[in-house]
Student: 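I have a structure I would like to understand better, so I am pasting it below and will then ask my questions one at a time.
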Amino acid sequence: LSGEPDAEIVVDTRGRACPIPVIELAKAVAGAPAGTIVALRSDDPTSKVDVPVWCRMRRQRLIGQTEDPEGGWVFRVETDRP
Amino acid sequence: VSPIASRTYLDHASAWPVRPEAARAHADALATAWADPGRRHAEGREAGDLLGRATATVADLVGAPERGVVWTSGGTESVHLAVLGSARAAVLRGDERRHVVVSAVEHSSVLAAVRRLVDDHGFTVTRVPVDRSGLVDPEDVAGAISPDTLAVHLQHANHEVGAVQPTHEVGAICRSRDVVLHVDACQSIGQMAVSLDQLGADLLSASAAKYGGTRGVGFLAIGPRGRTAPLQVGDERQRRRRAGLEDVPGIAAAAVALRIAASAAGAETRHRERLRRHLRAALAMLPDVEVHGPLADAHPGIVAASALYVDGEALLTELDANGFAVHSGSSCATTSGEPSHVLVAMGVLTHGHVRISIGPETTTAQLDAFVEAYHGAVQRLRATAGMMDHGPEVSVER
């Protein structure tokens, strides 16, 4: 994922099943300053449902969901600005 | 593992305990009506008479014509007879319509049968979406029907979250558009008011295992507009609609169980509905637990919930070790690795999903004990994953 902005944290959970991707996403978001973009890479199809639901539950902004050229998907979450 | 006597069975939606009256009818029939009901000797007539009485009882209870009940090997075969058999009947009579409509939350037996129509017989299918509580909008079904539509397949009560679909409204739409409505009532038969008229159905599939009959028995009820062609062929039994020797003892038990269930349904439903609301409210109080399905328009005995950051299989295992039998087939960690199509269609959390299905013997105290065990298991599993109730923990010392 070269060429992404510096403020982006990449969390690679490929090969790991639900609920690990959302757990890793939650940990990364909690440890990041507001306004950070966290990119979650996951090839667990459950993430397509659970990441948007988690963002809704935690009031985080899902700004993008794209197919990962290497398999799976990339979800971009912008952490909450205070 | 704790002894069965101290266990709490909360999986009635998978298999309802055999009702004692049905078990007695089954034992009696095994002793007296074991012969081939199609034979003309005295032994055969004994079995044939019992089969006839059981069929008439069930036809009466579901409001089907006297000849409108076909016995099957269970819910799956009933559904297949409705989906594949009705399509085959259309092909055989020269009907050229090749499109069916299903909801996105149908049981996998319906969806797999429809996929076979698509793969093997050139049908097309439209999947009608559901809202976040799992309900279809009848207007969406109407919009999915085209001049090429042969049938709509819509369940009565959802097997995972208990949502009860507006089948009667959909039935009226289907009649006005000359389309057949098959209602999969496997999850509601014997537990809610189920008849062809009440559900607006032309075909109604059912399983005896879901209301206290023996396992391996089901039926398809066929109304005046319903048509099926046989899937099992080879003899003239059941008016050539389903070949193979009938399980007369199982059928007798299925009829007795349905009669008992229908007479008990009022009291059982009031009790279960009260417990269902109690359990929903208790689970909804827990942090990061989402309760699924509608509050009203719901099956009286099904409660479904997801727990954030929790692996469903691990949760099920902990609950089982604590003496609680619940189902988690729709959780994220099923063997297929695919999330439940029902939860996906609803757009709700799949983490740590369990279905709790309440029976007539279930008590408030049992459900309170369940909620305590559930909360404890959820907290332990979250702690193990480094996640506490309210978001992530920096470090967890245990």
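FYI, side chains are in, hydrogens and waters are out, and symmetry mates aren't considered; it's all heavy atoms of this structure. Residue numbering restarts at 1 for every chain, and letters A, B, ... go by the order of the sequence lines.
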Student: Which value, rounded to the nearest 0.5 Å, describes the distance between A:T46 atom OG1 and B:H353 atom NE2?
Tutor: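 With rounding to 0.5 Å, OG1 (A:T46) is 13.0 Å from NE2 (B:H353).
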Student: Which atom pair, heavy atoms only, marks the closest approach of A:V22 to B:Y309?
Tutor: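 Smallest interatomic distance, heavy atoms only, reads CG1-CE2, 3.9 Å.
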Student: Considering all heavy atoms of both residues, which atom of A:V53 and which atom of B:V348 are nearest to each other, and what is their separation?
Tutor: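 Closest heavy-atom pair between A:V53 and B:V348: CG2-C, 3.9 Å.
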Student: Does B:R277 have more than 12 heavy atoms from other residues, nucleotides or ligands lying within 6.0 Å of its CZ?
Tutor: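 More than 12 within 6.0 Å, yes.
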Student: Using every non-hydrogen atom in the two residues, find where A:A26 and B:M387 come nearest and quote the distance to one decimal.
Tutor: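 What the structure gives for the nearest pair is CB-CE, 3.6 Å.
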Student: Tell me, with the steps shown, if A:R58 and B:L308 meet side chain to side chain contact (heavy atoms under 4.5 Å, CB included).
Tutor: CA-CA 11 Å; A:R58 285 290 180 268; B:L308 187 63; 3.6 Å; yes
Student: Hey, is the main chain of B:T350 close enough, under 3.5 Å, to the side chain of A:D50 for a donor-acceptor pair?
Tutor: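 Pair found, side chain donor or acceptor close to backbone of B:T350.
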Student: Give me the atom names and distance for the closest heavy-atom approach of A:C18 to B:H351.
Tutor: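 Residues A:C18 and B:H351, closest heavy atoms: SG-CD2, 3.6 Å.
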Student: Mind jotting down which residue pairs meet the ring pair (Phe, Tyr, Trp, His ring centres under 6.0 Å) criterion with at least one end in residues 9-48 of chain A? Sequence neighbours excluded, please.
Tutor: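 Checked against ring pair (Phe, Tyr, Trp, His ring centres under 6.0 Å) - neighbours excluded - no pair reaches residues 9-48 of chain A.
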Student: Indicate the atoms forming the closest heavy-atom contact of B:V310 with A:P19, along with that distance.
Tutor: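 In this case the closest contact between B:V310 and A:P19 is C-CG, 3.7 Å.
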Student: Could you work out, with side-chain hydrogen bond (donor to acceptor under 3.5 Å, both in side chains) as the rule, every residue matching B:D368, not counting sequence neighbours?
Tutor: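 Testing B:D368 for side-chain hydrogen bond (donor to acceptor under 3.5 Å, both in side chains), a comparison that skips the adjacent residues, returns B:H278.
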Student: Using non-hydrogen atoms and a 4.5 Å limit, figure out which bit of B:L349 sits close to chain A: side chain, backbone, both or neither.
Tutor: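 Both parts, heavy atoms under 4.5 Å.
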Student: Considering residues, nucleotides and ligands other than A:R16, do more than 12 of their heavy atoms fall under 6.0 Å from its CZ?
Tutor: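 No, CZ of A:R16 has 12 or fewer neighbouring heavy atoms, counting only those of other groups under 6.0 Å.
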Student: Please round to the nearest 0.5 Å and tell me the distance separating atom CG of B:D288 and atom CE of A:M57.
Tutor: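 Answer rounded to 0.5 Å: 4.5 Å.
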